[in-house]
Amino acid sequence: MSDQPQAIRVERGQRPNARGEARLDWWREAKFGMFIHWGLYAIPAGEWKGEKIPGIGEWIMHRARIPVKEYEQLARQFNPVKFNAAEWVGLAKRAGQKYLVITAKHHDGFCMYDSKVTDYDIVDATPFGRDPMKELAAECAKQGIKLCFYYSQTQDWHHPDGDGNDWDYDPAKQDFQSYLDNYVKPQVRELLTNYGPIGLIWFDTPKGMTEAQSRSLLQLVHELQPDCLVSGRIGNTMGDYASAGDNAIPAEFVREDWETPATINDTWGYKADDHNWKSTKDLLRKLVDIVSKGGNYLLNVGPTAEGEIPQPSVERLTEMGEWLQRNGEAIYGTHAGPVQGLTWCRSTARPGKVYLHVYDWPEDGVLKFTPIAHGDLRGAYLLSDPSRQPLPFGLKDHQLAIEGPRQQPDSPITVVVVELPGQIDLEPGVNA
Ligand code: JFZ
């Protein structure tokens, strides 16, 4: 996993017709979502029988080859008494996140909702006995956040016919079709029936799923909730949008709908000794970088076994929300801007406006841009300035020069709004 922008490309052609579909509108406007990886793996939190297990926390069962019978015992201890749906959803809201994707079932197979298909779920198998998805659904509806489910449809290390567990089960005896028809589909039906409208299902690691299998799963989702979106990781290019690799940001603007799933530290599921927290500045730059290239940022938190979101995550998300309070207009509902390929600045745009997100404020306060050379600009101002005091600007040698204050006006990123005549809408490459 690398944090550096990479020269990777998001898989293209996921659904060529998708751009015109209104059901994607909310997701395209949202830009920023909260990912939550929460499950039994939060109990060992990266350590098994006194040994630190390397890698991402939610993979501990696989990494340590923990027998099903042993891992199952964790359920008896799972009692997240500090879980508070209002607080979690409130944090997403405060952070400026518009959707929340939570692990209903991860690869370990433990269901974090009340399933009738198995007893291996949070209501039947733990002392906690509550259904956190029900509580989150109610809070999301109340606070205006789209609830979405992560569901591991291929890997299931607990189920003999699921994929991935070769230490308890003989892969030669695996009947994946039966697992899909008799386990996955009934569970997807539960998730799309019992929790109200679901924004999207985040399927993952399709591995060997055939085209027919991906399609039948997609059809089930559409039959139950036609507006529910499906992540690219349903496999066989059938998703509504593409997933970048984890923590990967494409080097350039991508026209297709895409999303970067990302961690705040180096793990998805809680790990007690992962303190490698990215700074708020780094996280905000990643958000802006992604949105300037046409994508969404799905930023993860890994709550503890007690049900608390780690404080360093709370602090960073709160600070991101403060910046978005001032600068949200330059993020939500925008598209990739015309200024691309600069190190010190990113851009987003909407009809009539270009937003310049300045990372490194120039010493003399003068911002020079080549790519915007669009006739008579109407004006320029700082988005963080409530009085919208006009900034002097001019066209010099086909370069737009905007004269800002010498002192960097906002931190860690300053947004300069450039107003265009009429409703001119500048996109990447259009006027370069
Ligand atoms: C998957 C999971 O295995 C992991 O536990 C976590 O849930 C993450 C969000 O998704 O891991 C992946 C899947 C795809 C890529 C990388 C990690 N990828 O395409 O680069």
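Both ligands and their constituent atoms are indexed starting at 1 by order of listing.
The minimum heavy-atom distance between Tyr183 and Cys111, with the atom names listed, is OH-SG, 4.2 Å.
With ligand atoms numbered from 1 in the order given, ligand 1 contributes 2 (C), 3 (O), 4 (C), 5 (O) to contacts under 4.0 Å with heavy atoms of Trp59. Of all atoms in ligand 1, numbered sequentially from 1 with element shown, those under 4.0 Å from a heavy atom of His106 are 4 (C), 5 (O), 6 (C), 7 (O). Those atoms of ligand 1 that come under 4.0 Å of a heavy atom in Asp204, given as number and element, are 1 (C), 2 (C), 7 (O), 8 (C), 10 (O), 13 (C). Atom numbering of ligand 1 starts at 1 in the shown order; those under 4.0 Å from a heavy atom of Tyr150 are 7 (O).
Note on ligand 1: His37 sits in its first shell, one or more heavy atoms being nearer than 4.0 Å.
In this structure, the protein non-hydrogen atom closest to atom 17 (C) of ligand 1 is Asp246 OD2, 2.8 Å. Of the protein's non-hydrogen atoms, Gly245 CA, 3.3 Å is the one closest to atom 20 (O) of ligand 1.
Partners of His158 by ring pair (Phe, Tyr, Trp, His ring centres under 6.0 Å), not counting sequence neighbours, listed by chain and number: Tyr120.
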Residues 48-59 side chain polar contacts: donor-acceptor under 3.5 Å, at least two apart:
residue	atom	partner	partner atom	Å
Lys49	NZ	Glu70	OE1	3.0
Glu58	OE1	Gly269	N	2.9

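Without hydrogens or angle criteria, Trp361 side chain to Ser411 main chain gives no donor-acceptor distance under 3.5 Å. Although no hydrogens or angles enter the test, the distance criterion places a donor-acceptor pair under 3.5 Å between the side chain of Lys278 and the main chain of Asn265.
The shortest N or O to N or O distance between His107 and ligand 1 is under 3.5 Å.
Ring pair Tyr150/Phe35 is tilted by interplanar angle, where 30° to 60° counts as tilted. Using a 30° and 60° split on the angle between ring planes, Tyr99 and Trp27 fall in the tilted class, from 30° to 60°.
The option with the heavy atom closest to atom 4 (C) of ligand 1, from among Glu58, His62, Arg233, is Glu58.
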